[in-house]
Amino acid sequence: MPLPDPVSFRKTFTVPVASWRYLLAGLLITLLSQSHAAIAQTPARVTISGTLKDARTGEDLSGATVRLVELPSVGTTANAYGFFTLTVAPGDYTLEASFIGYQPLRQAVALRQNTRLDLRLTTGEQGLAEVVVTAKATDAPAARAQLGVESIDLKQIAKVPVLFGEKDVLKTLQLLPGIKSAGEGSSGFSVRGGGLDQNLILLDEAPVYNASHLLGFFSTFNSDALKDMTVYKGGMPAQYGGRLSSVVDLKMKDGNNQQLHGSGGIGLIASRLALEGPLGKQEKGSFLVTGRRTYADVFLAASSDETINQSTLYFYDLNAKANYKLSDHNRVYLSAYLGRDVLGLSESFSNSYGNQTATLRWNHLFTDKLFSNTSLIYSKYSYQIVIGASDDAQINIDSKIRDFNLKEDLEYYPTADQTIRFGGQVIHHTITPGKITSTGATNSVVNNTEDQTNRSLESAAYVSHDWQATPRLAFTTGLRLSAFTLLGPNTLSTYDADGDAVTTTDYASGEAINTYFRLEPRFATSFQLTESTTLKAGYARNVQNLHLMSNTTSSSPTDLYIPTSLNVKPELADQISTGYYRTFGAKTWAFSAEVYYKWLQNQIDYRDGTELRGNLDVESTLLYGKGRAYGMELLLKKETGRLTGWVGYTLSKTERQFVGINDGAWFNARFDRPHDVSVVAIYQLTPKWSLSGTWVASTGNAVTYPVGKYAVGADRVVTYYGLRNAERMPSYQRLDLGATFEPTQKHRRWKSSWSFSVYNALARENPYSIRFETDPNDASRTRAVQTSLFKLVPSATYNFSF
Amino acid sequence: MSALATSAFAFSRVRRTLIAAALLSLTACEKVIDVDLKSADPKLVIEATLSDDGRPATAHLTQSVAYDETNTFPAVTDALVVISDDTGALDTLRATAVPGTYAGRTLLGQPGHQYTLRVESAGKMYLSIASLPVPIPLDSVRVDKVSFGQGDNFLLIPSYQDPAGVRNYYHFLQFRNGRPNLAILLLDDELTDGLRNQRRLFTMGGDTKDEDKLIPGDSVRLEMHCIDAGSYEYLRTLSQVLQSNPLFSTTPANPLTNFSGGALGFFNVYSRQEIRTRVR
């Protein structure tokens, strides 16, 4: 393919950005002047705005609903920072604020002029008898059109039993329909038939590139540090982009702005400690610091095997966050995360890896209708491997992906029935694939590899419009323009269909090598049939420019990201979905059914036999193809009362097609598991004891099985494999049980609780993998051996707070 | 995968050791299960060899069988097997007394030449082209004691000077007191171009048996085969299939053969050297 002149590319790239900047400036001026004009005159409409907070901790209640009782079709939800605004005609109203788990608050307001009102909600945790049944109020009208979205109440899932007793949001997520686990005990997941790398996992807006610890068995997210989690399975709003399948938006707690508090836990494999408290006076600010460390190596030391008892195996996480209110119109947040895994095998080998993120945010209220958030985000994932190659020599392998990200999001609420979101971001990526250096020896053991660092810019601009057109009909319309620019210096090759290099070109420092522009339309609509029944439909296109190279089933520390390049085109996903939603039993039960169809383009796979290594000319080993995924997801949920939980069922199919695989026929993707059921139940038995259980069952993974065998050499039998993923592993089933004991300790400062759980309580031997080998008892036969990982794993955790 | 790669990059295997330690000791378990397997039509398996050791080419032809059958692989006795070189010489391999085995008579392997093997059987033709590399002198071999796992391990370090600027591929056969170690021991120079080799020969897969482990007093013979890229790729991918890992399995794939036409196996063309030592 002839390469376009880089200069002309730069031109085409800068022009839209520049014009977009003017557009933004123009829009801002218009928005600002409008509201000033409104203040100057006798208002025909007035705005009530403010923040919603937890009365006890001062945490922002993002997602809480605010409505005016007198105007049934008028309402809004507090944004990510607890800010809400409503613009209505002047008058006397009753304002109602509600949020799940909180007592609803009603307050009379006489609206004559623009009003600021900060509201505090109190939790309903006064013991079982007093628990107020607060149904999740109907979705706020402005957000009503969104579909394929699930919010997870972290307080609720705290009681869900988990492996080793380590609360893990990413594992609980996998209990929702449409979200499938990557494997037994894994924190990796596939959403609606997508790949493990097609999920955008954000921690306070910073992308986390490897969200797992300890070879994938634990997520990097310490539940103590988290406030809420929202997952978009499809049709994500236009402010999100960069991954095909889903967005998992995690927000860290702000910290208690009333009093200094601590909490922690001592568990089977890890302990946690958190400290939070006010910063400054008069609720100006707060901070939170949490830490977690595992001590799995203690078990290793008990082993008699020298290799094992001299090994290191642990991880830790540190989360910190602080926020400070500079004025009613300005608030700043600083959040940071640091996590690291260390694996060591006596002196011969060590590997450490982990993520670092930092987010600096500035909330600014231009007017009571225009909310702005500016974020400066840093994110890095790196690993180091050190190998003792001989007595005096070491081989080091270093790899990293590092981002600097500037993001601007604006929310404009012109009327009570409309919200306009717009903004943009620029991310500078630096990716260094495994760089090898040899040290210590007089004669090198290996040659140092050339620095293959590549740099790129990922930019986007978006606008999104939420509109409650009538009390029953709502629309969310959005458009996102994304651009991906590969920057010099770099040496890049293009490859033919066999993976042989055709051209190789050197690019100078700072040169824009190639830019891919993509438009991502997003659309969703909802129609309320009756008070309790809603229909929704949507379409969304997503683009992905960073691609994870991994050929194992589990997430691996040496996973490598590669950018879109001259050969690798941006991955595209188009998804249509529609859903039916119904509440019944005085809104204690919610039922939803969604169906979707997804088309995937520019998907990536390997040629057979590829061994992934950091230094390899990886693009020569790639194959490009397409995918399709479709399915139906049913969810029945109960969020209030003594019994809470849900039943989910997914019927789905996900397939891929590559010229070089299975003779170009469609084949099952690895996570194609047509049937998937999950049941989650939490029951408050007595005020002190609560019981919980989860049951999951699914079709086995799609796998490649032998279709024959043959001999090589004198006496080796080799398996002859059939078509890729044409067969199925046996089905999967698991029951986990848990119990939580919270003694009555109302008036004591030190509070404690115990959590007990049993993972795979029925001791079912679920297939993790199946291998085929010569029967050791009869050399003339071969046999299939199934490996199962966990059964009947008990755990106990002691939690405390003060 | 070279031994360096084995030690440096086959992290998954180290991982396996660790994770197996951590997890297996807790709860993981294995059991033999019945799997209902489909069966493909029998495929021709060709294992042909030519080296510079002064002996003509040989070929062994068998067929694959269904996975649940016993390990009896039918010999293919009625094939036409012809070897030719880049100078135009031609030799037809004749069936020998051993069913399925064919041997040439006139054509001998010479370093620096290219050889083509043609097999015709049951109306189908299979073709492989391979080069016989110029041998890289194997100067010496050293025994290295490594503490890894339980007790000491004695590993061989072959010493040779890799020539700079060209890709080289090495296949080693290790014999302990005359008994061959079936582990596939490979080195290449992707990361060591132009260097004197200091890397140990070992695989971390489960295919090194206890009876192959070296102990003081053993007499060891090491054969070094210089091979071309095609043979190396076959052996590397064969070793992947043989070392399939139960905990971190990749999607399995058949080895990349250097035969066209859909045959299994490979045409192994190599220059051969050997060296002996004693473990102390």
Side-chain angles (χ1 to χ4, degrees), chain A residues 215 296 300 303 305-308 311 313 343 345 348-349 385 387 390 395 397 436 443-447 449 551-554 556 558 608-609 611 613 704-712 716-722 724 765 769-771 780-791 793, chain B residues 1 4-5 7-9 11-12 14-15 17-19 21-23 25 27-33 35 37-40 43 45 47 62 64-67 70-71 73 148-150 182 191-193 195-196 198-199 233 237-238 240-242 244 246-254 256 264-265:
Chain A
L215 321 172
L300 301 184
S303 167
D305 188 320
E306 270 180 37
T307 314
I308 295 168
S311 297
L313 178 71
L343 301 176
L345 200 56
S348 58
F349 173 89
I385 297 175
I387 300 140
S390 65
I395 298 170
I397 305 170
I436 298 162
N443 304 312
S444 328
V445 179
V446 293
N447 295 319
T449 54
N551 60 4
T552 60
T553 42
S554 59
S556 151
T558 51
D608 281 344
E611 188 135 0
R613 325 213 305 240
T704 310
Y705 270 168
V707 290
K709 57 185 173 182
Y710 57 100
V712 300
R716 295 203 95 163
V717 177
V718 182
T719 303
Y720 175 55
Y721 287 101
R724 182 172 313 182
E765 291 181 349
S769 68
I770 293 170
R771 70 169 192 274
S780 72
R781 308 288 304 187
T782 40
R783 62 178 197 178
V785 181
Q786 171 187 295
T787 303
S788 308
L789 284 193
F790 305 109
K791 56 178 186 185
V793 184
Chain B
M1 182 101 273
L4 168 77
S7 59
F9 298 100
F11 177 62
S12 61
V14 176
R15 255 191 336 169
T17 316
L18 278 169
I19 199 72
L23 300 177
S25 63
T27 56
C29 65
E30 291 191 336
K31 67 174 179 187
V32 176
I33 57 164
V35 177
L37 294 174
K38 296 198 176 70
S39 181
K43 288 215 141 206
V45 183
E47 287 201 281
T62 53
S64 68
V65 299
Y67 200 80
T70 55
N71 291 341
F73 302 94
F148 191 90
Q150 280 167 344
L182 293 178
L191 298 167
T192 54
D193 188 37
L195 299 179
R196 176 158 288 277
Q198 302 176 46
R199 293 167 295 170
E233 279 298 285
T237 51
L238 175 65
Q240 272 184 5
V241 175
L242 293 171
S244 72
L247 290 180
F248 291 92
S249 53
T250 57
T251 302
N254 294 314
L256 301 169
L264 301 169

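Residue numbers begin at 1 in each chain, while the letters A, B, ... track the order of the sequences.
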Does the side chain of B:Lys43 come within less than 4.5 Å of A:Tyr720's, by heavy atoms? yes
How long is the straight-line distance from CG of B:Asp193 back to CG of A:Asn447, given to the nearest 0.5 Å? 6.5 Å
Shortest non-hydrogen contact from B:Leu37 toward A:Pro706: CD2-O, 3.7 Å
Rounded to the nearest 0.5 angstrom, the OG-NZ distance for B:Ser39 and A:Lys709 is 10.5 Å
State, with a plain yes or no, whether a side-chain heavy atom of B:Val241 is found less than 4.5 Å away from one of A:Tyr721. yes
Counting C-beta onward and ignoring hydrogens, is there a side-chain heavy-atom pair between A:Arg781 and B:Thr70 closer than 4.5 Å? yes
Least distance between heavy atoms, A:Ala784 atom then B:Val35 atom: CB-CG2, 3.7 Å
Ignoring hydrogens and angles, tell me if any N or O in the side chain of A:Arg783 forms a donor-acceptor pair with the backbone of B:Val32 under 3.5 Å. no
Measuring only between side-chain heavy atoms, which start at C-beta, is A:Tyr710 closer than 4.5 Å to B:Thr62? no
When rounded to the nearest 0.5 angstrom, what distance separates CD1 in A:Ile770 from CD in B:Glu30? 11.5 Å
For the residue pair B:Glu47 and A:Ala711, what are the closest heavy atoms and their distance? OE1-O, 3.9 Å
Pick from B:Leu256, B:Val45, B:Leu195: which one has the most heavy-atom pairs with chain A under 4.5 Å? B:Leu195
Heavy-atom pair with the smallest gap, counting every atom of A:Val712 and B:Leu238: CG2-CD2, 4.4 Å
Heavy-atom pair with the smallest gap, counting every atom of A:Val717 and B:Leu242: O-CD2, 4.2 Å
